[in-house]
Every structure is written in C-alpha cells, then in structure tokens.
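Just so we're on the same page: letters track the sequence lines, and every chain starts at 1.
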2 protein chains.
Amino acid sequence: MKNCEHEEEHAYAAARAKCNMPSDDDIAALAAAFKAISEPSRLKILFALRQGEMCVYHIVDAVGGTQSAVSHQLRILRDNRVIKARRDGQNIVYSLADAHVVAVLELACRHLNCKL
Amino acid sequence: MKNCEHEEEHAYAAARAKCNMPSDDDIAALAAAFKAISEPSRLKILFALRQGEMCVYHIVDAVGGTQSAVSHQLRILRDNRVIKARRDGQNIVYSLADAHVVAVLELACRHLNCKL
DNA sequence: TTATTATATGAATAAGTGTTCATATAATAT
DNA sequence: ATATTATATGAACACTTATTCATATAATAA
C-alpha cells in the first residue's frame, strides 16, 4: 500500500473511522433494526400501517399470506420497536412506532426512485 | 371480525393500503437495499466510509476482518448501489453512493439513541 | 517476462431466517 | 362452563447468507 494517489487522506479517514466507529452494541442494534425492515412481507406490513393503525385481521387482508405468517412477522417488527401494539377487546391493534419509520421508508423510496 | 371498536376505520385503512401498496418489484428493491445495510460488518464499512473515501486496504484496517470477507461485503454494497467504486492505479477507491445513505444511517441512529 | 501488490471471486461450510402446521392463549359470548 | 373469535407461538423444513480458503484478475515494477 504505497501507490494509491490519495494514500494519505485515506489513511487519515481510516484513523478517524476507528475513533468514530459506533460501539458493537450500537452496530448490532442498527443491524437488527434494518434487518427487521428488510423482508418483503414485513415491508408490506409497514406500507399497510402507513395508512393508519389496523388489527391483525385487516393487516392480513391488506398484505396477503396466512395469519400465522403475518403474526410471526408482526412479532419481529414489534420486538425491534418498528411497530407498536395495543389491545382493543379481542383485537390487537398495530401501528408504526414513530415518525422515523415513515421517514426511513420515504428516504429509501427516493433513493431507489420507487413511487409512493 | 365484527367486534373491534375501530373496525370501520381499519377496514378503510386496509382498503387504502391495497390501493397504495408499492409494486412487488419496488418492495423487492427496498428489501434488498435494507438487507444490504443490515449486517454488522457492512454497517461498519458504511460508518467508515462516512469519514471519506477509502481503498480496500484502509477499509480492512478500519473495520477489521479479512481482506476476502471485506471484499465480499463491498460487492454486496456496491451491487445494491449503497457505495460506489472508482479505480486509482492498483487501488479501488470506495465511497458512499449518495447523501441518502448517510441520512438513513443518521435517522436510524436517532431512532435507537445511538451516539454518532 | 516474471514478480509483486491490490482486489475480487468461486466453492464449501456453518449459521441464520421465513413459512407452514398444529396448537396455545386470551377475550368474549352463550 | 363451553364455544367461538382473534391472535400468538413452538417445531420443523427449506432456503438464504456470511465467512473462510484457495485462487483468479488487474495494475505496476523490475
């Protein structure tokens, strides 16, 4: 490694990177959060909930698939605080956890030129 | 499904969700993009490149691991247009693809209360 | 040309993940 | 209490994915 034209700047960037690298715990948390929203069936759930809160029956209606599969995905999203739940009688009503979720989805859509 | 207190609104939300659901292709592209940034080793690479462009040697230095493993991860990030590459002599210099990448990382950090 | 340096990649293995099926829990109705 | 409705969950299987090892390519130097 002596021939790169920008060797010196790269070495400084690497040094800064080592100083400013988030902790392993933060990296793991970020990875888990992104993993939670990186599966098609879970993304569909999020886009569905973007239209407003819904109970499981309607989520299944909106995104397709079996009740069991949707329920498993809801748990993953909930465990990662991407969505939240409240009980209403026999139903569990789900909604997006906070505005960050929508913001990230919209940013990614813009990045990829997806229509919303 | 007749007992939920908000049955009617949920049904409307589900109906809107079906109309406004992104195409399967867009969902797949979004899922792939999030999957690309949902692994600890790849996230470390992104946080490293946040400090500026770097060639592989310095990325390996900044994030640890073997050259081969880093190279495989770089390909995944590149295939998903999260990072871009240019050749400089014998070196390949990598950098973040665009501002969206940093924006998404920062949003997620705020969501999870990670320090940057 | 041959050697060296920088980076990429195919194959293999090990670990992780999504769905299905069957069943469990929890609330309500009879 | 029993039945019904809504949702959740454990286990199993198929599929995917990250890393390692060995090797390939690409640029440059001698």
Is any side-chain heavy atom of Y57(B) less than 4.5 Å from a side-chain heavy atom of N91(B)?
no
Write down the distance between CD (E7(B)) and P (dT7(D)), rounded to a whole number of angstrom.
10 Å
By salt bridge (charged side-chain N to carboxylate O under 4.0 Å, His left out) - contacts of R50(B) (at least two apart):
E106(B)
Which atom pair, heavy atoms only, marks the closest approach of R86(B) to H6(A)?
NH2-CE1, 3.2 Å
In whole Å, I'd like the distance from the NZ atom of K44(A) to the P atom of dT19(C).
10 Å
How close do V63(B) and A48(B) get, counting heavy atoms only, and between which atoms?
CG1-CB, 4.0 Å
Nearest-Å distance, CG (N80(B)) to P (dT17(D))?
10 Å
In terms of the angle between their ring planes, are F34(B) and F34(A) parallel, tilted or perpendicular, with boundaries placed at 30° and 60°?
parallel
When you check the phosphate oxygens OP1 and OP2 of dA27(C), does a side-chain N or O of N91(A) lie under 4.0 Å from one of them?
no
Contact letters for nucleotides 8-18 of chain C, in which S counts primed atoms plus P, OP1 and OP2 and B counts the base, heavy atoms under 4.0 Å:
BBB------SS
Euclidean distance, atom CG of residue L77(B) to atom P of dT7(C) [Å, nearest integer]
16 Å
In whole Å, I'd like the distance from the NE2 atom of H10(B) to the P atom of dT7(D).
10 Å
Non-hydrogen atoms of R16(A) and Q51(B) that approach each other most closely
NH2-O, 2.5 Å
